Each structure stands twice: as C-alpha cells, then as structure tokens.
Number of protein chains: 2
Amino acid sequence: MSEDEEGASAPHLPTTAYAVLGLLAFGRELTGYELRKWSMNMRFFYWSPAQSQIYAELRRLLAHGLVTERREARPGRPDKRFYRITEAGLAEFARWLRKEPVEPVVIKHSVMLRLFFGHVADPDRLSDVLDDYARWLRQQRDELSVLRPELSDAFAYPDLVAEWGELFYAAELAAVDEMRKRLRRRRER
Amino acid sequence: MSEDEEGASAPHLPTTAYAVLGLLAFGRELTGYELRKWSMNMRFFYWSPAQSQIYAELRRLLAHGLVTERREARPGRPDKRFYRITEAGLAEFARWLRKEPVEPVVIKHSVMLRLFFGHVADPDRLSDVLDDYARWLRQQRDELSVLRPELSDAFAYPDLVAEWGELFYAAELAAVDEMRKRLRRRRER
DNA sequence: ATGGGCATGTAACGAGTTACATGATTTT
DNA sequence: AAAATCATGTAACTCGTTACATGCCCAT
C-alpha cells in the first residue's frame, strides 16, 4: 500500500504543483497567501490558479515531503503557515524541469473564437470585441513593463520571460490591428 | 421546476458547447465524429475538446432544444446520429456571440514556464526546449498554410482567423529566436 | 490478414473553480 | 466608519481527460 511515500520516484504531480514548487525554489519561505500573489505575476504567460487550488497543492507537496511547514499560532484564528522547499523538493523540481516532456502550449483564444464565427455576428460587435481585446493587451503590456525593472538583475530568467511577454503582447497588438483593418475593408465593400 | 426547458432564456453553457453549436451554425448536418474533426481545425487557436466531451455537449444541446437529432439505424451497432442546429439554437448562438462578455484569453505557456525557472535547469536543456518549441511552431504554421487555401472564399471569417494564426506563429517564432540569442549570450559570458 | 478510419458509448477520475465563511489588521 | 488587505479554510460542483470497449468497412 501507500505507493508514494518518502522515496517514491517521480510522483507525477500536475503542472500547477510544479509551478508552486518552482516559486518556492527561489529559496524563500512563503505563506499560501504570498504564493498566490506570486503566482499572479505569472498570469502574463500562465493562468493563475484559484486560491483554493494553491492551498490544496501545498498540502499535497507537504504530504510528498517536497516542502516543510512551519506554523505560527494566531489565537482565535487558524495558524499562519509558512512553507519552505526541501532538498527532495528541489531535486524533484529539477528532475521535472530537466526530464519531463514539456506539456503542449495551450491557447484558448476566445477572441479568435468569436471572429471565427463572425458570419453570425454583426460587424459592429466584432469590432468592439477586437477593441476591448486591444485595450486589454495594452494594459497587460503596460503592467509588464512596470514589473520588469523590478526583476532585472536578481531574477534573470523571469526577466527574460517578461521580455518574451512584451514581444508577445506587441505582436498580438499588431495582429489585432491588422484584423481591424481587414474588417473595415470588408465593410466598405 | 426544471429550470431550463424550452423557452428558458440564456442557459449559460460552457464555451465548448458554443463552439460545437457554432460549427453547426455553418448549416451542415453533422455527426459527433465529424464535429470532432472540425473542432480539430480550431486547435490552432482553441484547444480541441476530447471526443467524449463533444458527445456530451451534443446531448446537452439536444436536451436544450438547440439542435435536432436524426438517427440512422446500423444493425448490430449503435445508431449513427446526425445533428442539425435549430432556430432556437441559431438564436442562442447569436445571442452568445453578441451579448455574452468575452471570456479572458487563456494561455498556459509551458515553455515560458520552463524558462521562468531557468536558474534550476541547465542551459542545454533550456536550449533544447526552445528548439523543440520552434519545431512545433513551424509545423503548426505549415499546417495552417495548407489549411488556409481550403477556406478562402466560402469561409471568410475562418480564413481571417487563420491569417491571424499565421501572424501569431510567425511572431512567436521570432520571439523564440530572440530568446535563443539571449541564452547564447548568457552562456558566452 | 492487418491496420487504419468511421462511429458510438461510458465509467472513473482529477483538476480547477465558485462561493462562501471567519476574523484580525491596516489604510483611507 | 468603511474598505481593503492579510490569511486560512471547506463544500459542492463542473469541466474535461483518460482509458477502455464494440464493431463495421476499406485499403494494402
């Protein structure tokens, strides 16, 4: 019984678990709450899991011995819990990073989906959808450009990804613009 | 009781249901099997649901009266089922397209995620991951460019989205290239 | 005759969300 | 005084996947 206790090799956890583990791999001791905020910084390229999900993953990581928990009593309220990555946790994270095949990149592009079915919508609506999306893209881009200088030296790889993010949003913005032009041209005919 | 029978306004279905409904909105009578193949053409910008999911959605759409089912007996095997969109289905699809707020675009970029945690990986691995991703991107781009001429006139909007897809893959490819350069530069120092 | 495509079906599971609840502390 | 932030927790649910099973027909 109990397949994966202590030494059990490769517990194959969901990617979210590794994302959380990875955040702890920067070395800091963090609470679930803090982890959630950090995970929100990944929203530019990876969706942010729900709060309840993070707490669930932490419990699982703990059960696998990949993190340790330190409790701080807070009378009248649940203990505050701090998590830190273990040796085994770091090893498992490195294994995942090095050996596990990379999951396919998932895009659920609701805006493209709308446009795909454009023959049922009226052109004004499509145009609005694209405008909204462009606004959102600009906002993401701006937030990223604020975030980036905070990373720079201490976090070289996150900074690299942030740059990728900026390229990504810029390209997407250009594409949206192109689509808007095409739509306009269609309407004029 | 039974909240959503016939006339119940806005049954708020999952996006996948609308995607299936949308495919039927092109007017053809299709089987679950065919629908699955069509949905795979959306993989360039929207993930393809599992086969079982499609059949499940069709049952739900039928229960809501948004599609009709025509059965063809095949002795010794389950009936073959053809689906066609109803008036109500088309109306509901149009309502969704026009009125429902667009869900946020979801990106689960496992490659960016890997790079984000690059300090734990060895540079060779990162480089490989990027190479694999670039290969995949090129393949997607090529498949799209094959698909596109088949759409062109009859399906103007899908064609538009396909073009967006091409821009998307081209930009992503350029970004990957940039990341590879940066990585190389880091290693040389 | 063997493998692939057509075509349906379903049981079991897991990931992840929503929605709620509690209560202290800090900021406006 | 109100609102936001900190911080945890749980129950119910649904979406969606995996994995299997059946069996015909067609091409090689």
Side-chain angles (χ1 to χ4, degrees), chain A residues 3-4 11-21 29-40 42-43 46-64 67 69-83 101 103-104 106-108 110 113, chain B residues 3-4 11-21 29-40 42-43 46-64 67 69-83 101 103-104 106-108 110 113:
Chain A
E3 278 199 75
D4 37 35
H12 93 275
L13 307 163
T15 307
T16 305
Y18 287 105
V20 170
L21 197 55
E29 189 185 46
L30 299 167
T31 67
Y33 193 83
E34 288 168 318
L35 246 356
R36 197 185 140 256
K37 283 196 309 186
W38 276 99
S39 84
M40 283 172 62
M42 311 191 324
R43 75 180 179 288
Y46 212 81
W47 101 122
S48 283
Q51 172 254 79
S52 61
Q53 181 72 8
I54 300 220
Y55 284 101
E57 295 303 347
L58 283 171
R59 281 193 292 273
R60 169 156 37 189
L61 292 172
L62 184 63
H64 283 294
V67 301
E69 189 188 70
R70 182 172 66 80
R71 283 158 176 261
E72 205 176 273
R74 299 181 308 165
R77 271 179 301 170
D79 290 358
K80 190 168 169 182
R81 292 153 183 245
F82 296 86
Y83 295 90
E103 314 80 48
V106 174
I107 310 167
K108 280 180 153 191
S110 332
L113 188 65
Chain B
E3 278 198 75
D4 34 38
H12 93 276
L13 307 164
T15 308
T16 305
Y18 288 105
V20 170
L21 197 54
E29 189 185 45
L30 298 167
T31 68
Y33 193 83
E34 288 168 317
L35 246 355
R36 198 185 139 258
K37 284 197 308 188
W38 275 99
S39 84
M40 283 171 62
M42 310 192 325
R43 74 181 180 286
Y46 213 82
W47 102 119
S48 283
Q51 172 255 81
S52 61
Q53 181 72 7
I54 300 218
Y55 284 101
E57 294 304 346
L58 282 171
R59 280 193 292 273
R60 168 155 38 189
L61 291 173
L62 184 63
H64 282 295
V67 300
E69 189 189 70
R70 183 173 65 81
R71 283 158 177 262
E72 202 176 274
R74 300 180 307 164
R77 273 179 299 169
D79 290 357
K80 189 168 168 181
R81 291 153 183 244
F82 296 86
Y83 296 90
E103 314 80 48
V106 173
I107 310 167
K108 279 181 154 192
S110 330
L113 189 66

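The structure presented is a predicted model; accordingly, all values stated were derived computationally and were not measured.
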With sugar-phosphate taken as primed atoms, P, OP1 and OP2 and all else as base, the protein-contact string of nucleotides 16-28 of chain C at under 4.0 Å (heavy atoms; B, S, -) is BBB----BS----
Rounded off to whole Å, could you give me the CD-to-P distance for the Glu72(B) and dC24(D) pair?
-> 16 Å
Take atom CZ of Phe82(A) and atom P of dC6(D), then tell me their distance rounded to the nearest Å.
-> 13 Å
Just wondering, are more than 12 heavy atoms of other shown residues or ligands nearer than 6.0 Å to CH2 in Trp38(B)?
-> no
Decide yes or no on salt bridge (Lys or Arg N to Asp or Glu O under 4.0 Å) for Lys37(B) and Glu34(B), but give the supporting numbers first.
-> CA-CA 5 Å; Lys37(B) 284 197 308 188; Glu34(B) 288 168 317; over 6 Å; no
Please assess Arg71(A) against Glu69(A) for the test salt bridge (Lys or Arg N to Asp or Glu O under 4.0 Å), listing each intermediate value before the final yes or no.
-> CA-CA 6 Å; Arg71(A) 283 158 176 261; Glu69(A) 189 188 70; 3.2 Å; yes
Are any non-hydrogen side-chain atoms of Ile107(A) and Tyr46(B) less than 4.5 angstrom apart?
-> no
Using a cut-off of less than 4.0 Å, is there contact between a side-chain N or O of Arg36(B) and OP1 or OP2 of dA7(C)?
-> no
Picking from Leu30(B), Val67(B), Leu21(B), what satisfies side-chain contact (heavy atoms from CB on, under 4.5 Å) with Tyr83(B)?
-> Val67(B)
Distance test, side-chain N/O of Tyr55(A) to OP1/OP2 of dG9(D), below 4.0 Å | no
N/O (side chain, Tyr33(B)) to phosphate O (OP1/OP2, dC6(C)) under 4.0 Å = yes
Closest non-hydrogen atom pair, Arg36(B) against Ile54(B) | CA-CD1, 3.6 Å
Quickly work out the Asp79(B) CG to dG23(D) P distance and round it to whole Å.
-> 15 Å
Just call it for Arg60(A): base, sugar-phosphate, or nothing, with non-hydrogen atoms closer than 4.0 Å on any strand.
-> sugar-phosphate
Interatomic distance where NE2 belongs to His12(A) and C1' belongs to dT17(D) [whole Å] = 13 Å
What is the distance, rounded to the nearest whole Å, between atom CD of Glu34(B) and atom C1' of dG5(C)?
-> 13 Å
Grab the CG-C1' distance between Leu13(A) and dC13(C) for me, whole Å please.
-> 16 Å
Where is the tightest heavy-atom contact between Ala17(A) and Leu61(A), given as atom of each residue plus distance?
-> O-CD1, 4.0 Å
Distance in angstrom units between Leu35(A) CG and dG9(D) P, rounded = 13 Å
Phosphate-side-chain proximity, Lys37(A) and dA7(D), N/O vs OP1/OP2 below 4.0 Å | no
Integer-rounded Å distance: dA7(D) P and Arg59(A) CZ | 18 Å
